[in-house]
Participant: 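A single structure is presented below for examination.
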Amino acid sequence: MALRRALHFVFKVGDRTKTATFYRDVLGMKILRHEEFEEGCKATCNGPYDGKWSKTMVGFGPEDDHFVAELTYNYGVGEYQLGNDFLGLTLQSSTAVSNAKRLGWPLTEVGEALYLTQAPGGYPFYLVDKEQPPSDPVQKVCLGVSDLQRSTHYWTALLGMKVMEKNEEKKTVLMGFADTQCKLELRDIGGTVDHGTAFGRIAFSCPRDQLPDLEALMKKENQKILTPLVSLDTPGKATVEVVILADPICFVGDEAFRQLSMVDPKGNDLLDKAMSEDKSDEWFAKHNRQKAAA
């Protein structure tokens with residue numbers, strides 16, 4: 001299914017300022033676009049919250065040919081509980097390693113030319129200490145599963161991915177839609193998957209006309225659909241259609257998403273402006289209250 005492509009992983013963040021420092025100054029990613037919303041997303045992009053929130057897309061390049069991160073920030077939530085679903089994102093960049101050392105960002109050497117670090121909130125990132133490639137430095141996203149054989153069948157037989165590597169010792173399967181894209185690694189965790197309250201979401205695109213067929217296939221196979229086909233509006237930008245599958249997996253219509261995901265040259269300034277105008281921490285402190293811990 002070469003027409004399908006990996007897009008991004010959704011992270012819920014409680015500290016937007018520290019998170020921006022990690023992605024911009026440590027990893028060396030760029031702000032691709034930033035959007036503010038006054039009410040919750042119909043497809044629960046920001047989680048089960050109704051209030052004001054923001055979305056910031058960050059990556060090493062445009063989402064057309066790079067796997068990026070979607071950072072969702074709910075103004076009233078300061079902390080999220082991690083589960084065992086997201087097990088790490090691996091990227092190749094000796095510059096990121098040197099940035100972390102220079103800034104005093106904690107690094108743990110876990111293998112030859114391989115370091116483990118954490119984004120604010122505790123999300124694990126693996127940094128390969130080799131020169132950053134001219135293509136996308138993001139190599140793979142690792143997700144925990146409770147039944148590796150069943151999950152592999154789901155991703156290959158139903159969603160069209162191809163298996164690229166199996167490791168029985170580590171109980172992992174590496175797969176993807178194309179060799180040139182960010183890969184998905186599934187790891188058997190030997191127990192129930194706990195999404196915590198952070199419950200991230202991985203997103204892919206497919207031709208828009210495949211969305212109804214994908215939804216119908218999942219119904220036929222008695223697979224859970226979290227959000228049936230729905231249109232999502234972004235003020236001043238393209239309207240996209242999405243289907244959210246269980247665990248959760250987002251598929252979005254590719255044609256409209258390419259318009260929506262165009263890099264906004266003002267994205268960096270919009271994020272900085274939003275952070276400088278965000279007085280939520282001061283408000284909670286003034287009223288002797290703390291932001292919610294989800």
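Because only heavy atoms are used, hydrogens play no part in the values below, and waters and symmetry mates are left out as well, while side chains stay in. As the structure is a computational prediction, the values presented were derived from the model and not from experiment.
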Participant: Are there over 12 heavy-atom neighbours, none belonging to Glu131, within less than 6.0 Å of that residue's CD?
Facilitator: no
Participant: Could you tell me whether Lys30 and Glu63 make a salt bridge, using a distance below 4.0 angstrom between a side-chain N and a carboxylate O?
Facilitator: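 Looking at Lys30 and Glu63, the cut-off is not met.
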Participant: Could you check whether any side-chain heavy atom of Leu27 comes within less than 4.5 Å of a side-chain heavy atom of Leu127, counting everything from C-beta outward?
Facilitator: yes
Participant: When you compare the side chain of Leu7 with that of Val68, does any pair of heavy atoms fall below 4.5 Å?
Facilitator: no
Participant: Could you tell me whether Asp85 and Arg201 make a salt bridge, using a distance below 4.0 angstrom between a side-chain N and a carboxylate O?
Facilitator: no
Participant: Test side chain to side chain donor-acceptor pair (under 3.5 Å) on Ser205 and Arg4; report intermediate values, then the result.
Facilitator: CA-CA 5 Å; Ser205 74; Arg4 296 183 178 181; over 6 Å; no
Participant: List the atom of Arg33, the atom of Ser261, and the distance in Å for their closest heavy-atom pair.
Facilitator: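 For Arg33 versus Ser261, the nearest heavy atoms are NE-CA, 3.5 Å.
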Participant: Do Asp272 and Arg24 pass the salt bridge (Lys or Arg N to Asp or Glu O under 4.0 Å) test, and can you show the C-alpha distance, the side-chain angles, and the key distance before you say yes or no?
Facilitator: CA-CA 12 Å; Asp272 285 338; Arg24 288 193 292 199; 3.0 Å; yes
Participant: Run the numbers on Thr108 and Thr117 for side-chain contact (heavy atoms from CB on, under 4.5 Å), then give the verdict.
Facilitator: CA-CA 7 Å; Thr108 302; Thr117 190; over 6 Å; no
Participant: What distance do Lys12 atom NZ and Leu71 atom CG have between them, rounded to the nearest 0.5 Å?
Facilitator: 12.0 Å
Participant: Taking side chain as C-beta onward, heavy atoms only, is Leu270 less than 4.5 Å from Asp264?
Facilitator: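 Of all side-chain heavy-atom pairs linking Asp264 with Leu270, at least one is under 4.5 Å.
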Participant: Any donor and acceptor pair, going by atom type alone, linking the side chain of Thr172 with main-chain N or O of Glu168 inside 3.5 Å?
Facilitator: no
Participant: Is any side-chain heavy atom of Phe22 closer than 4.5 Å to one of Asp15?
Facilitator: no
Participant: Give the minimum heavy-atom separation between Ala6 and Cys182, together with the two atoms involved.
Facilitator: CB-O, 4.0 Å
Participant: Taking the six-membered ring for Trp and the full ring for Phe, Tyr or His, determine whether the centres of Phe199 and Phe86 are under 6.0 Å apart.
Facilitator: no
Participant: Would you say the side-chain atoms of Tyr154 and Asp147 include a donor-acceptor pair closer than 3.5 Å?
Facilitator: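 No, no side-chain donor-acceptor contact under 3.5 Å.
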Participant: Check the pair Val128, Thr90 against side-chain contact (heavy atoms from CB on, under 4.5 Å), reporting the backbone distance first and the verdict last.
Facilitator: CA-CA 7 Å; Val128 179; Thr90 300; 3.9 Å; yes
Participant: When rounded to the nearest 0.5 angstrom, what distance separates NZ in Lys52 from OH in Tyr75?
Facilitator: 4.5 Å
Participant: Closest heavy-atom contact between Thr152 and Met175?
Facilitator: CG2-CE, 4.0 Å
Participant: With a 3.5 Å cut-off and no angle check, do the side chains of His195 and Asp247 form a donor-acceptor pair?
Facilitator: yes
Participant: How many angstroms lie between CZ in Phe251 and CZ in Phe257, if you round to the nearest 0.5 Å?
Facilitator: 13.0 Å
Participant: Could you state whether Leu260 and Ile244 fall into the same hydrophobic cluster, counting links through intermediate Ile, Leu, Val, Met, Phe, Trp or Tyr residues with side-chain heavy atoms under 4.5 angstrom apart?
Facilitator: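 Yes, because Leu260 and Ile244 connect within a single hydrophobic cluster, where side-chain heavy atoms sit under 4.5 Å apart.
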Participant: Near Arg102 CZ, under 6.0 Å, is it more than 12 heavy atoms from other residues, nucleotides or ligands?
Facilitator: yes
Participant: Side chain of Lys183, backbone of Asp179: donor and acceptor closer than 3.5 Å?
Facilitator: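 Here the side-chain-to-backbone pair exists.
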Participant: So, the side chain of Ser151 versus the backbone of Leu148: is there a donor-acceptor pair under 3.5 Å, distance only?
Facilitator: no
Participant: State the CD1-NZ distance between Ile189 and Lys171, to the nearest 0.5 angstrom.
Facilitator: 11.0 Å
Participant: Is there a side-chain contact between Leu143 and Leu87 (heavy atoms, below 4.5 Å)?
Facilitator: no
Participant: Looking at Met275, I'd like to know if its CE atom is crowded, meaning that more than 12 non-hydrogen atoms belonging to other residues, nucleotides or ligands lie closer than 6.0 Å.
Facilitator: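 Counting other residues, nucleotides and ligands, CE of Met275 exceeds 12 neighbours.
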Participant: Are Ile249 and Val10 linked, directly or through other ILVMFWY residues, by side chains that come within less than 4.5 angstrom of each other?
Facilitator: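 Looking at the clustering, Val10 is in a separate group from Ile249.
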Participant: Check step by step if side-chain contact (heavy atoms from CB on, under 4.5 Å) holds for Asp129 and Leu114.
Facilitator: CA-CA 6 Å; Asp129 193 10; Leu114 183 64; over 6 Å; no
Participant: Taking Phe204 as the fixed residue, which of Trp155, Phe67, Phe9 is the one that meets the ring-ring contact (aromatic ring centres under 6.0 Å, His included) rule?
Facilitator: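 Of the listed options, the one satisfying the test is Trp155.
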Participant: Looking only at the side chains, is there a donor atom on one of Thr239 and Asp233 sitting less than 3.5 Å from an acceptor on the other?
Facilitator: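 Short answer, yes.
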Participant: Check this for me: does any side-chain nitrogen of one of Asp254 and Arg258 sit under 4.0 Å from a carboxylate oxygen of the other?
Facilitator: yes
Participant: Does a side-chain heavy-atom distance below 4.5 Å link Glu255 with Pro207?
Facilitator: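 Touching, per the 4.5 Å side-chain cut-off.
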Participant: Hey, do the aromatic rings of Tyr73 and Trp53 have their centres closer than 6.0 Å?
Facilitator: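 No; Trp53 has its ring centre 6.0 Å or more from that of Tyr73.
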Participant: Taking a hydrophobic cluster as the set of Ile, Leu, Val, Met, Phe, Trp and Tyr residues connected by side-chain heavy atoms closer than 4.5 Å, whether directly or through intermediates, do Met218 and Leu184 fall within one such cluster?
Facilitator: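 Linked, Met218 and Leu184 end up in one cluster.
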Participant: Ignoring hydrogens and angles, tell me if any N or O in the side chain of Asn74 forms a donor-acceptor pair with the backbone of Gly76 under 3.5 Å.
Facilitator: no
Participant: Would a hydrophobic clustering, with Ile, Leu, Val, Met, Phe, Trp and Tyr connected at side-chain separations under 4.5 Å, put Leu229 with Leu159?
Facilitator: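 In one cluster with Leu229: Leu159, yes.
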Participant: Do Arg5 and Asp64 come close enough that some side-chain heavy atom pair is under 4.5 Å?
Facilitator: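 They are in side-chain contact.
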Participant: Between atom OG1 of Thr56 and atom CG of Leu32, what is the distance when rounded to the nearest 0.5 Å?
Facilitator: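 If I round to the nearest 0.5 Å, the distance is 10.0 Å.
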Participant: Does either side chain, that of Gln139 or that of Gln92, offer a donor lying less than 3.5 Å from an acceptor on the other one?
Facilitator: yes
Participant: Determine whether a donor-acceptor pair (N or O, by modelled atom type, separation under 3.5 Å) exists between the side chain of Asn84 and the backbone of Asp194.
Facilitator: yes
Participant: Specify the closest pair of heavy atoms between Pro124 and Leu116, including all atoms of both residues, with the distance to one decimal.
Facilitator: CB-CD1, 3.9 Å
Participant: A side-chain contact here means heavy atoms from C-beta on lying under 4.5 Å apart; do Ser54 and His34 qualify?
Facilitator: yes
Participant: Quick one: salt bridge (charged side-chain N to carboxylate O under 4.0 Å, His left out) pairs with a partner in residues 204-227, sequence neighbours left out?
Facilitator: Arg208-Glu241
Participant: Is it possible for you to say whether Val252 and Met57 belong to one hydrophobic cluster, with membership spreading through side-chain heavy-atom contacts below 4.5 Å?
Facilitator: no
Participant: Does any N or O in the side chain of Thr156 come within less than 3.5 Å of the main-chain N or O of Met161, such that one atom is a donor and the other an acceptor?
Facilitator: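 Checked: no pair found.
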Participant: Measure across Val26 and Ala100 and return the closest heavy-atom pair with its distance rounded to 0.1 Å.
Facilitator: CG1-CB, 3.9 Å
Participant: Test side-chain contact (heavy atoms from CB on, under 4.5 Å) on Leu91 and Tyr126; report intermediate values, then the result.
Facilitator: CA-CA 6 Å; Leu91 62 91; Tyr126 291 90; over 6 Å; no
Participant: Considering non-hydrogen atoms only, spot the tightest contact between Val193 and Gly144 and give its length.
Facilitator: CG2-O, 3.6 Å
Participant: Atom CZ of Phe125 and atom CG of Leu107: how far apart are they, to the nearest 0.5 Å?
Facilitator: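 These two atoms lie 13.0 Å from each other.
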